[in-house]
Amino acid sequence: MRASGSSPASAVSPAPAPTAVTDASTVRTLLVRGMIAGLLAGLCAFLPAYAAGEPPVRDSIALEETRSAASAHESSAHEPSVHEPSAHGAAAPEQNEEEAEEELVSRPVQSTFGLATGVLVYGVAVGGIASLVFAVSLGRTGRFRPRTTAALVAGAAFTTVCLVPFLKYPATPPAVGNPDTIGKRTALFFLMIALSVLLAVIAVIVGRRLAPRLGNWNASVVAGGGYVLAVVVACLVLPANSDAVAADFPAALLWEFRLASLGVQALLWTAFGLIFGALAERALAERAPAPSRDVVRPAP
């Protein structure tokens with residue numbers, strides 16, 4: 001007759017839920033690994049950014065240069081000829097200066113080293129910020145594993161920082177649009193980012209407070225619906241970008257650039273979520289105490 005007792009599987013206590021990160025050393029470790037994950041995500045996004053984003057940028061700049069040259073030729077053709085030597089002599093040096101003016105950084109350098117530097121620096125910066133958000137969220141927004149929390153943080157970051165502002169103020173190629181309004185357009189874009197992030201934080205707080213009464217799923221649905229409604233109101237209130245792109249600019253070229261821009265952002269945040277999730281879970285596992293085992297004694 002077999003002695004009663006527990007199986008080996010039942011002798012091991014279940015894995016505890018992830019605890020909130022409170023000590024500074026763990027936050028520092030997560031920050032470093034977040035920056036490393038952002039760097040690797042930037043490397044993953046660089047080649048697609050060059051392959052998909054550079055052709056529409058190059059075509060847009062060529063189109064703008066062609067239009068500028070045609071406009072300059074047309075305006076010079078309508079100007080009356082100047083016969084005074086003094087006026088001609090004063091105009092000649094200015095023309096020579098314009099012809100001698102060259103780009104400080106050539107287009108090949110901008111499209112390779114410049115693009116790589118921008119993508120990598122951006123990846124490191126947002127990776128560090130996202131790792132701090134992860135440290136605050138882990139164990140406080142649900143019983144999620146570190147990998148799941150990292151994926152949720154990356155998805156929320158892409159939605160609030162990239163997707164929502166894109167829907168209101170989509171990206172435009174360089175050398176396109178009215179240069180006199182670039183300051184206004186930039187300010188409106190960053191204002192939309194700030195509003196989107198603020199509304200997302202408010203939605204998370206509201207969802208946590210509604211969870212005890214409505215349950216996690218219903219509270220999440222209510223908070224998410226409130227965020228979407230608030231974003232729609234913000235998009236309706238903020239002014240539109242009426243002068244961002246000329247009316248006769250090719251629509252296919254414009255949307256090719258916009259889709260490439262959004263796709264690169266999606267790829268970068270997806271890579272970051274996967275890479276940082278693995279790095280963070282390993283770092284937290286190394287710092288976690290060993291799981292306790294219940295000693296089971298056979299019944300007398």
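This chain uses plain numbering: 1 for the first residue, then up along the sequence.
Among all heavy-atom pairs drawn from L115 and A49, the shortest one is CD2-C, 4.1 Å. Residues L120 and G42 share a closest heavy-atom pair of CD2-C, 3.7 Å.
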Apply the test side chain to side chain contact (heavy atoms under 4.5 Å, CB included) to residues F189 and K168: give CA-CA distance (whole Å), side-chain angles for both, the deciding distance (0.1 Å), then the verdict.
CA-CA 8 Å; F189 180 76; K168 176 61 179 178; over 6 Å; no
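Using a 4.5 Å heavy-atom threshold, the side chains of L138 and L284 count as touching. Using a 4.5 Å heavy-atom threshold, the side chains of L188 and P239 count as touching.
Aromatic ring orientation, F272 versus F276: parallel (interplanar angle below 30°, classes split at 30° and 60°).
In this structure, T29 contributes its side chain and S25 its backbone to a donor-acceptor pair below 3.5 Å. In this structure, the side chain of R147 does not engage the main chain of G277 through any donor-acceptor pair within 3.5 Å. Looking at R258, its side chain does come within 3.5 Å of a backbone N or O of A171 through a donor-acceptor pair. Without hydrogens or angle criteria, S131 side chain to G34 main chain gives no donor-acceptor distance under 3.5 Å. The closest donor-acceptor contact from the side chain of S261 to the backbone of F257 lies at 3.5 Å or more, if one exists at all.
No single ILVMFWY cluster, assembled from side-chain heavy atoms under 4.5 Å apart, contains both M192 and F158.
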